[in-house]
Amino acid sequence: MEKSLRVGVMEDRGDWVHDSSVDHRGRPPSRGATGSWKAAMFIILIEFSERLSYFGIATSLMLYLTKVLQEEMKVAAKNVNYWMSVTTLMPLLGGFLADGYLGRFSTVVVSTVVYLLGLMVLATAQLSPRLKPDHSLRLHEVLFFVGIYLVSVGTGGHKPALESFGADQFDESHPAERVQKMSFFNWWNCALCSGVLLGVTVIVYAQDRIGWGAASVVLAAVMAASLVVFLAGWRFYRYTVPEGSPLTPLLQAVVAAVRKRRLVLPADARELYEVKPQNIKKRLLCHTHQLRFLDKAAIVEHGGGEDAAGPWRLATVTQVEETKLVLAMVPIWVATLPFGMAAAQVSTFFIKQGSVMDRRMGPHFVLPPASIFALSAVGMIATVAVYDKVLVPYLRRATGGERGISILRRVGIGMAFAIVALAVAAVVERRRQQSPAPASMSVLWLVPQFLLMGVGDGFALVGLQEYFYDQVPDNMRSLGIGLYLSVIGAGSFLSSLVITAADRASSRGGRASWFAKDLNHSRIDLFYWLLACIGAVNLAFYAVVATRYSYKTFRPGKVGDDKSAGDIECAAAA
């Protein structure tokens, strides 16, 4: 009795986390002993090492394909885009498995092991004399692609599970931790960009001066060490227990609505079915008036027997609202694809531009082409730091909003910067082509386009991460990060399709294609202008979609209590 009283007092003081998470022993987590920044730092460290490895490979991939594997420029660009597409679409599968079956912690561990295997295959192909390209180009090529696609599979589980696992360490129902979570995505991306920065400078320099094999060994060692550190923090983590497919409740709501399509919605939304909040350990959503057809899934059929109350015949208001949230994301996802197309150019044609320019940084140092990517990382780090420490506090005071500006407005600003970056890239590339000696033009001319893309990433990429994590149902958050990554993946795939279409259209009638065997005889500037025009038209469409979007709103009260049992129409008052 006395022990129960002490526990009750501790709960009143907010010493226990009241969401659906558990600690490493399966108990409700202690707020002081688990989660928050003490746990997030272990998680951020392994993200740093993963980005170090990924960008150490990705930024040099175009050069490796053209120089080592001797592919033509347009073939190499397509292969890079296909690899990036697979790498950033795989998280949809990884996120689904993490949310529904494996759990986020287990998914991170398994996917990291697969990632390590890919790095080891790459190192073996690059170091073994019998597997080097000068001995057997075809065998080396096969092993190389096996290695990088194992990295893709590892990334597919690692990225969505790790980022959502990191955000899970902050309790949204706790005021202080909710504010910390908003900063988490900003500082997550600072760590990410720090890994990118070292990947495209130190690792790329090692590839250029020491050898690709040695660099792959270093990446594998760093990844293995970070996995050990990640496992060392297991006592501090808050875990989310998987509850089966996160898509099943959504399908049930759609099927129930279709089966009851002939019924008339009640005039009072309070007549719709909802579970009592004290009976479940889940946050309940407010009812909205969008996609009203789906509300029919929550109509209670009196006298219908057990079948009328079955999961494929009757859905809760929260279940219906979660389905509405996912459907409302579709136009947002589509409207951000041109940004993904723009982002794909940074690691392909932007890098290729730098490779044919004067990269001398003094009498004794030549900048590796892929290291130019560091400018984009610098731009993103600076943008995130200024946004979090300067803009957000000012905008909070000016607007009175907790975020300063809405998530989707932040994304739109980043998309606008990406369009400007493409326009600048087109101007610079045309100037280079018209120069009497294109190879003598300094690589520093590329600084503006890389920095502008970095600023755009600081707004759009961070905003998309937060949007897809925050707005999906709570049991789909790894899948939400997968949706964010799929914007980049689908954008890369669309970029490949645009390259193919532009190549065919520009070469008709015997004319020179925009994509020749080398950059000096190509018209990449026109390709940049094409992407900029697509982005500008799309930005108008995005503005319309974003202004009509309705954000997720929870009913008041803590998980599992009866304080959220009030009016389900709370969204109107929110």
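Starting from 1, each residue takes its place in the sequence as its number. Predicted model, so just to flag it, every value in this text is computed and none were measured.
The shortest side-chain heavy-atom distance between Ser376 and Leu451 does not fall under the 4.5 Å cut-off. The side-chain heavy atoms of Leu285 and Val320, taken from C-beta on, include no pair separated by under 4.5 Å. Inter-residue side-chain proximity for Ile413 and Arg410 is flagged as unmet; no heavy-atom pair is nearer than 4.5 Å. Side-chain contact between Leu461 and Phe459: absent, with no pair of heavy atoms (C-beta onward) separated by less than 4.5 Å. Phe541 is listed as a side-chain neighbour of Asn538, based on a closest heavy-atom distance under 4.5 Å. Proximity of Thr34 to Tyr237: side-chain heavy atoms (C-beta onward) are nowhere separated by under 4.5 Å. Taking 4.5 Å as the limit, every side-chain heavy atom of Leu102 sits out of range of all side-chain heavy atoms of Val110. Residues Val108 and Thr112 meet the side-chain proximity criterion, which asks for heavy atoms closer than 4.5 Å.
Between Ile481 and Pro160, the closest heavy-atom pair is CG2-CA, 3.5 Å. Val114 approaches Gly154 most closely through the heavy-atom pair CG1-N, 4.0 Å. Scanning both residues, Trp333 and Phe468, for their nearest heavy atoms gives CD1-CZ, 4.0 Å. When all heavy atoms are compared, the tightest approach of Ala418 to Ala342 is CB-CB, 4.2 Å. When all heavy atoms are compared, the tightest approach of Ser245 to Tyr101 is CB-OH, 3.4 Å. Residues Gly103 and Pro242 share a closest heavy-atom pair of N-CG, 3.8 Å.
In this structure a side-chain-to-backbone donor-acceptor pair under 3.5 Å is missing from Ser21 to Val17. Ser226 places a side-chain N or O within 3.5 Å of a backbone atom of Met223 that can act as its donor or acceptor partner. Using modelled atom types, one side-chain atom of Thr316 and one backbone atom of Gln319 make a donor-acceptor pair closer than 3.5 Å. Of the possible donor and acceptor atoms, none in the side chain of Tyr542 sits under 3.5 Å from a partner among the backbone N and O of Pro331. The backbone N or O of Val200 lies less than 3.5 Å from a partner atom in the side chain of Ser371, making a donor-acceptor pair. Between the Glu321 side chain and the Thr288 main chain, a donor and an acceptor come within less than 3.5 Å of each other. Proximity of a side-chain donor or acceptor of Asp23 to a complementary backbone N or O of Arg27 within less than 3.5 Å is detected.
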Begin with the C-alpha distance, continue with both residues' side-chain angles, and end with the deciding distance and a verdict on side chain to side chain contact (heavy atoms under 4.5 Å, CB included) for Leu219 and Ile203.
-> CA-CA 8 Å; Leu219 294 177; Ile203 299 301; 3.7 Å; yes
Where do Tyr484 and Tyr469 land on the ring-ring contact (aromatic ring centres under 6.0 Å, His included) test, with the steps shown first?
-> CA-CA 8 Å; Tyr484 141 69; Tyr469 175 87; over 10 Å; no
When you look at Phe450 and Val346, which way does the side chain to side chain contact (heavy atoms under 4.5 Å, CB included) test go after all the steps?
-> CA-CA 7 Å; Phe450 275 99; Val346 180; 3.8 Å; yes
Side chain to side chain contact (heavy atoms under 4.5 Å, CB included) between Leu265 and Phe293, worked out | CA-CA 9 Å; Leu265 283 170; Phe293 169 78; over 6 Å; no
So Val472 and Leu479, side chain to side chain contact (heavy atoms under 4.5 Å, CB included) or not? Walk me through it.
-> CA-CA 8 Å; Val472 294; Leu479 192 55; over 6 Å; no
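Rounding to the nearest 0.5 Å gives a distance of 11.0 Å between CG of Leu327 and CD of Gln290. Atom-to-atom distance recorded for Thr323:OG1 and Leu247:CG is 10.0 Å, nearest 0.5 angstrom. Note that the CG atom of Leu52 and the CD atom of Glu47 stand 11.0 Å from one another [nearest 0.5 Å]. Annotation: the span from Ile407 atom CD1 to Tyr467 atom OH amounts to 8.5 Å, rounded to 0.5 Å. The distance from the CD1 atom of Ile381 to the CG atom of Leu197 is 5.5 Å, given to the nearest 0.5 Å. A distance of 10.0 Å separates OG1 in Thr318 from CG in Leu325, rounded to the nearest 0.5 Å.
Residue Tyr239 qualifies as enclosed at atom OH: its count of foreign heavy atoms under 6.0 Å is above 12. The environment of CZ in Phe493 is sparse: at most 12 heavy-atom neighbours from other residues, nucleotides or ligands sit within 6.0 Å.
In this structure, a donor-acceptor pair under 3.5 Å is present between the side chains of Tyr115 and Glu50. There is a side-chain donor-acceptor pair under 3.5 Å between Gln471 and Tyr549. His287 and Asp295 share a side-chain donor-acceptor pair at under 3.5 Å.
With a 6.0 Å cutoff to the six-membered ring centre and a 45° limit on the axis angle, Arg51 does not count as a cation-pi contact of Phe55.
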Below 3.5 Å, can you tabulate the donor-acceptor pairs from side chains in residues 86-97 to any protein atom, sequence neighbours excluded?
unit_1	atom_1	unit_2	atom_2	d
Thr87	OG1	Trp83	O	2.7
Thr87	OG1	Ser152	OG	2.7
Thr88	OG1	Met84	O	2.5
Thr88	OG1	Ser85	O	3.4
Thr88	OG1	Gly489	N	2.8

Contacts table for residues 36-46: side-chain donor-acceptor under 3.5 angstrom, sequence neighbours left out:
unit_1	atom_1	unit_2	atom_2	d
Ser36	OG	Gln180	OE1	3.0
Lys38	NZ	Gly32	O	3.3

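Between Asp268 and Arg270 there is a salt bridge, with a side-chain nitrogen of the basic residue lying less than 4.0 Å from a carboxylate oxygen of the acidic one. Under the 4.0 Å criterion applied to side-chain N and carboxylate O atoms, Glu177 and Arg238 are assigned as salt-bridge partners. Ionic pairing of Asp171 and Arg31 is present here: one or more N-O contacts between side-chain nitrogen and carboxylate oxygen are shorter than 4.0 angstrom. With respect to Arg477 and Asp99, no salt bridge is recorded, no charged nitrogen being found less than 4.0 Å from a carboxylate O. A salt bridge links Lys552 with Asp474: at least one charged nitrogen is closer than 4.0 Å to a carboxylate oxygen.
Classification of the Phe105-Phe230 ring pair by plane angle, with boundaries at 30° and 60°, yields parallel.
For the salt bridge (Lys or Arg N to Asp or Glu O under 4.0 Å) test, no residue two or more places apart in sequence or in another chain qualifies with Arg409.
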